[in-house]
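Beneath this line is the structure, given in structure tokens, with notes to follow.
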Number of protein chains: 2
Amino acid sequence: MFDPSIDYGLLPSLTGYALRRASILDFSGFGESVGDRGITPLRYSMLELVGANPGLSQVELAEIMGLSRPAATLMIDFWQARECIARHANEADRRSYGIHLTDAGRQALATLQQLVREHDSRLTSSLSGDELRQLRLLLDRLNHPASRRPRTKN
Amino acid sequence: MFDPSIDYGLLPSLTGYALRRASILDFSGFGESVGDRGITPLRYSMLELVGANPGLSQVELAEIMGLSRPAATLMIDFWQARECIARHANEADRRSYGIHLTDAGRQALATLQQLVREHDSRLTSSLSGDELRQLRLLLDRLNHPASRRPRTKN
DNA sequence: CATTTTAGTTATTGTCAATAACAGTTATAA
DNA sequence: TTATAACTGTTATTGACAATAACTAAAATG
């Protein structure tokens, strides 16, 4: 995908470009790593979130994942069709459902977690342990910029 | 977008997840940074590549960018409609076109480069110069894994 | 109660990319 | 030559996805 006879101009100097390429690299191998079945990183992350936070409503789940409510409905449908997620009636408010893993969903998640861990290890296999920790630290700094205003002498 | 009352399970331990979030963060601000007009990172990168490598054919451009030929046609149409890219007839092979920037395209690219540089700086503004260099180094290692097989004692 | 708000679904639309089919041109080879 | 194959670019078709709006049912408000 990288052609040494081509001039990439400004692109190699942009962090955003490097991030995008790494993200695509991760994404492109993901399906194969988890045995496909239409499982994308985003869909996997829904299973992960439902597993760790059982009983969320669909709106809550949508908000956390940055999805619109219709998109959440569809993704929940996806997992429900595979019998991994169930909508539980909420007796206190009959408009909403509590979203839960089924037994099959718990098992699917456990398997997926192992496959995803291995996938992630392959992605970063060219880095040493120290380098990986450093990379994670820096990415987290990008994702959660701590101080809006740089600390002054104070 | 990050809710401290939620358990994200395995996700925070995955480098792929951090990369995806950073990439989305970059992407989501990009349009505004460049004054929109439908300009996405990918479309910008086509302008950059055409500027640095004038005369490429559409198949060459598609290959470099990882696009299908129809997708390249559409994206070239996009820039041609904005009078930034021109298809030059190729006298040696009348099937193909040489893709070039127009004068307006060169000017648009120069403006875009400045805006994109500023956008990229904002993205990484929470890092020091050393940290940024380190991040770029590590990302490049992910994107271009140097040695398939770790060096043994030699 | 009547009205408004909320949860979830369905319908509609638009974007985007992939595949296949197509037209025109060039290369190959009988 | 001439016919066959391969290649460049476009168009048509399809499918995945997400966004918006419209809709139903069920609270909440007053």
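What's counted below: heavy atoms across the whole structure, side chains too, no hydrogens, waters or symmetry copies. Letters A, B, ... are given to chains in the order of the sequence lines, protein chains preceding strands, and every chain is numbered from 1.
- Per the geometry, CE belonging to M46(B) stands 13 Å off C1' belonging to dA17(C), to the nearest Å.
- Rounded to an integer number of Å, the gap from L61(A) CG to dT6(C) P is 19 Å.
- Atom CG of L67(B) is separated from atom P of dC16(C) by 12 Å (rounded to the nearest Å).
- Between I6(A) and L56(B), some side-chain heavy-atom pair lies under the 4.5 Å cut-off.
- Residues passing the side-chain hydrogen bond (donor to acceptor under 3.5 Å, both in side chains) test with Q107(A): none are found, sequence neighbours excluded.
- Of the inter-residue distances, the one linking H144(B) atom NE2 with R21(A) atom CZ reads 5.5 Å to the nearest 0.5 angstrom.
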Each nucleotide N or O in nucleotides 21-23 of chain D that has a protein N or O under 3.5 Å away: list the pair and distance.
none

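- Of the residues in residues 52-60 of chain B, those with a non-hydrogen atom less than 4.0 angstrom from any atom of DNA chain D are S57(B), Q58(B), V59(B).
- Close to dC16(C), at under 4.0 Å from its OP1 or OP2, lies a side-chain N or O of R43(B).
- DNA chain D lies under 4.0 Å from at least one heavy atom of each of the following residues of residues 72-95 of chain B: T73(B), R87(B), R95(B).
- For the pair I39(A) CD1 and dA16(D) C1', the computed distance is 17 Å after rounding to whole Å.
- For the pair I99(B) CD1 and dT8(D) C1', the interatomic distance rounds to 11 Å; values are reported in whole Å.
- Atoms OG1 and CZ, from T15(A) and R133(B) in turn, are 11.5 Å apart once rounded to the nearest 0.5 Å.
- In this structure, N90(B) contributes its side chain and Y97(B) its backbone to no donor-acceptor pair below 3.5 Å.
- Two residues are said to be in side-chain contact when any heavy atoms from C-beta on lie closer than 4.5 Å; L19(A) and L25(B) fail this criterion.
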Exercise answer: donor-acceptor pairs, residues 39-51 of chain B side-chain atoms, under 3.5 Å, sequence neighbours excluded:
unit_1 : atom_1 : unit_2  : atom_2 : d
T40(B) : OG1    : R43(B)  : N      : 3.2
R43(B) : NH1    : G38(B)  : O      : 2.8
Y44(B) : OH     : E48(B)  : OE1    : 2.6
S45(B) : OG     : L42(B)  : O      : 2.7
E48(B) : OE1    : Q113(B) : NE2    : 3.3
E48(B) : OE2    : L10(A)  : N      : 2.9
E48(B) : OE2    : Q113(B) : NE2    : 2.8

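- Ring centroid separation for the pair H119(A) and F30(A) comes in under the 6.0 Å cut-off.
- Sorted by first and then second residue, the salt bridge (Lys or Arg N to Asp or Glu O under 4.0 Å) pairs with a member in residues 84-101 of chain B read D77(B)-R87(B), D93(B)-R95(B); sequence neighbours excluded.
- Of the N and O atoms on the side chains of D3(B) and S5(B), at least one donor lies less than 3.5 Å from an acceptor on the other residue.
- Between F78(A) and I85(A) the shortest side-chain heavy-atom distance does not fall below 4.5 Å.
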